[in-house]
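Structure first, commentary second.
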Amino acid sequence: MGMGAAGLKEEVVARLILTNQMNFIYGAGFPFHLKVNASMLSFPKQDYDEGTREALPWTRHNRDFYKEDSFNQRTSSLCRNDVVQGNGFDSWYSPDHQYNSKRDEKGIQNLTNKFIKSIPKYVKIVEVGPRDGLQNEKDIVPTAVKVELIHRLVSSGLSVVEATSFVSPNGFLSWCKGSSGFASASESFSKSNVNCSIEESLARYGAVTRAKELSIPVRGYVSCVVGCPVEGAIPPSKVAYVAKELYEMGCFEISLGDTIGVATPGTVVPMLEAVMAVVPVENLAVHFHDTYGQSLPNILVSLQMGISIVDTSISGLGGCPYAKGASGNVATEDVVYMLDGLGVKTNVDLAKLMKAGDFISKQLGRPSGSKTAIALCRVAADGSKI
Amino acid sequence: MLAAKPLRKFARCSTFLTPLDVPIMSHLEDSLAFADFTSAKTNALNQIGAEDWRSQGRSFSFKSGYNEYAREALLWRRQTRNVSLRDIVKNQAVARFGLNDRALGYARDAGYFSSHHYSSNCKDRGRGKFTNKLLTSIPEFVKIVEVGPRDGLQNEKHIIPTNVKVELIKMLASSGLSVVEATSFVSPKWVPQLADAKDVMEAIRNVEGASFPVLVPNLKGFEAAVAAGAKEVAIFASASESFSKLNINCSISDSLIRYRDVILASNELSIPVRGYISCVVGCPVEGNVPPRQVAYVAKELYEMGCSEISLGDTIGVGTPGSVIPMLEAVSDVVPMNMLAVHFHDTYGQALSNILTSLQIGIGTVDSSVSGLGGCPYAIGATGNVATEDVVYMLNGLGVKTNVDLGKLMLAGDFICNHLGRSNASKSALAIAKTKLRASTTSTTTCTSNSKL
């Protein structure tokens, strides 16, 4: 059953995950990846009723909505010169803002920083914990917990939060405004993951073009951008090809995923160089996995290349699907810590973020996958000993 | 004042692998070597591309700009195919026992053999394979100073028997590490874990292939170390006054006076002295530490005669935003080739801090096998950065370290078993899990649900 003219409440932009069993807007039969844009998500619970959802007319969507200005307006920013005091999390253990607040001091003028200058002033964090994170956790989390998590994430300042499915069992979707498609840079991975070749998956995503006609923004994911569990190393040109195809079809943003976490800055740079030659950098995001502990340096070098959108997962939710027991997504808290230290604006309040992480970790009964979260909690607990 | 000039350690990268050993991932850089394809070549390339695709039983469709990618993909496939063939030949015995070649390839490419990833191409390009300015300033060779047996073990709760420590040190030396900090001559009252310093030094007296510096707190400790056979020593000062008082019970200037005596004595015996500076970014008492303070202490140690100065982010709060100004200030007064970085991974920032330091030109990195050694100030939080993770990153950057990641992992597993703790290195964990998967599955199976 197709979605028909599924509609949109003005104040809600929802991006939701649909499973293979669901029928989608264009009847393509493959999973659309939809995300909740948290800046609009203040839904009163009574408006959200899976059973009685009605089709709402699609409204015109402006791509500008996703520009950073809208995020800035909505949330109070933790700008780089601010140091939040008093809650134990942002004490003097918080990242050193020295560099940024003294950026204009003569003593530090001769920064070799070429390594810092090219880093964007604002970075959008796409929080994938409720989707990519929870889907790779063994325990199934009740809906109420997921919703609470999303609320907490939104209130920390995150402007984009990938949510789980809110779709009712009959496959009918409302509040749907955005969607995503994903492709793989590896032929073998494509076959094993979405059960078709790269070419075929791209052909299916011609539906993306139709989405564009309806002003529905679509985010494209490219997996295995550096290494594939079957093929090994992936040539940058292949990644560029897939990214370009998705971009030309109309994806407003393309997230480049190091699915098995094998990348290092030495492989990330050539890959990004190839992709940036064919897709504008402002339309690119990076999605690194921390399976080999390499995600933060990979993110750093991506920022140095001008990337300004980073996918992360609260508390590092989501293990690696291919190396069971190994870690997967990079923890949002660790990334925010680094970005704060670099003086990059994110609009995310680290303390509130940690509370969200603490919440879900307790619910899952597992320790946080974020070293920053663990350290700050320990420091707060042991501070009196010094 | 010495001008800060990043000095590169150039080393000829020699190919120490036969072509048969070249793993699939080593060809990654070859894609960069593909020259620009002018339109004049397009027709010929299209033909090649079409031919190749047809040979695979697939239809070849042109999309705008695809022919360039087809050319690269073709060359890539040819190389990959060749390597796969060699792998198959090489691993016939393994294949007979049920290991699927793909699964083996997965294990290989997932990084187990990452120590060989780029070295086979070093002869051709070395660091020159990277043209991006973000990577070209990284030194060709990085010395890793392994601090696990000292800094690691002194911060672990369990006390390890002498013979286990000695075995660990030997395993680390045989993995290719050229500097392994063996022990400490600080009073056992403060560091009971290393009370057997003398015995450890005696046991490793004849171990070759690496140098084994030891930590000494003062002249008395130095004399004991020398008597035990130490040929290199290390001293430790602090950039933070409060931390100096907290940690070694004296002010910075008093500690420097103490160390002057040690260095004078060591000069007479031609024993090199390494100077550690703690709290180079943040202090658990004072908070942020100004770069000029770090530079002051570094300059003092350098002028006293230290052969190397290791800058330690003791509580792990640093990020590139604070590390860069600190390194700039210090490298203004101490030559870059005498500086080392010692980052703690307490906030997960160590590797990105190390990357930044390498970009600036630092050529020596301290790390601890399996991430031994928690944070003494945030109990339960991590401390030292894991050597395996550092080596994995350096291998990926094409930096020569002379360290065999496989052997290093064995040393890490060994000590973690004895400590009864899990390995804190994500690389080691991932590689181990990947190997396990390769050895237990005959085909690579993936679910049909899309998981990015």
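Only heavy atoms go into these numbers, but all of them, side chains included; no hydrogens, no water, no symmetry mates. Below, chain A is the first sequence line, B the second, and so on; all start at residue 1. Since the structure is predicted, the reported quantities are computational estimates derived from the model, not experimental observations.
Judged by distance alone, the side chain of A/Y337 and the main-chain N or O of B/Q349 form no donor-acceptor pair under 3.5 Å. A donor-acceptor pair under 3.5 Å is formed between the side chain of B/S427 and the backbone N or O of A/Y292.
For A/L296, the parts lying under 4.5 angstrom from a heavy atom of chain B are both the backbone and the side chain. Residue contact with chain B, scored on non-hydrogen atoms closer than 4.5 Å, involves the backbone and the side chain of A/M305 alike. Of the atoms belonging to B/L351, heavy atoms from both backbone and side chain fall under 4.5 Å from chain A. With a 4.5 angstrom heavy-atom cutoff, B/D345 touches chain A via backbone and side-chain atoms both.
Side-chain contact between B/S352 and A/I299 is absent, with no heavy atoms from C-beta onward closer than 4.5 Å. Using a 4.5 Å cut-off on side-chain heavy atoms (C-beta onward), B/I354 and A/P297 make no contact.
For the side chain to side chain donor-acceptor pair (under 3.5 Å) test, residues two or more places apart in sequence or in another chain that qualify with A/T372 are A/D334. For A/T312, the side chain to side chain donor-acceptor pair (under 3.5 Å) criterion is met by A/T332, not counting sequence neighbours.
Checked against A/V301 for a side chain to side chain contact (heavy atoms under 4.5 Å, CB included), the options B/L134, B/N132, B/T356 give a single hit: B/L134.
A/L300 CG to B/Q359 CD: the interatomic distance, rounded to the nearest 0.5 Å, is 6.0 Å. Taking NZ of B/K133 as the start and CD of A/Q304 as the end, the distance is 8.0 Å to the nearest 0.5 Å. Atom OH in B/Y347 sits 4.5 Å away from atom CG in A/L376 (nearest 0.5 Å). Separation of atoms CD1 (B/I431) and OG1 (A/T291) is listed at 11.5 Å; rounding is to 0.5 Å. Between B/L394 atom CG and A/T264 atom OG1 the span is 9.5 Å, to the nearest 0.5 Å.
Contact detail for A/G266 and B/L135: the closest heavy-atom pair is CA-CD1, 4.2 Å. Scanning all heavy atoms of the two residues, the minimum distance from A/M338 to B/P320 falls at CG-CD, 4.2 Å.
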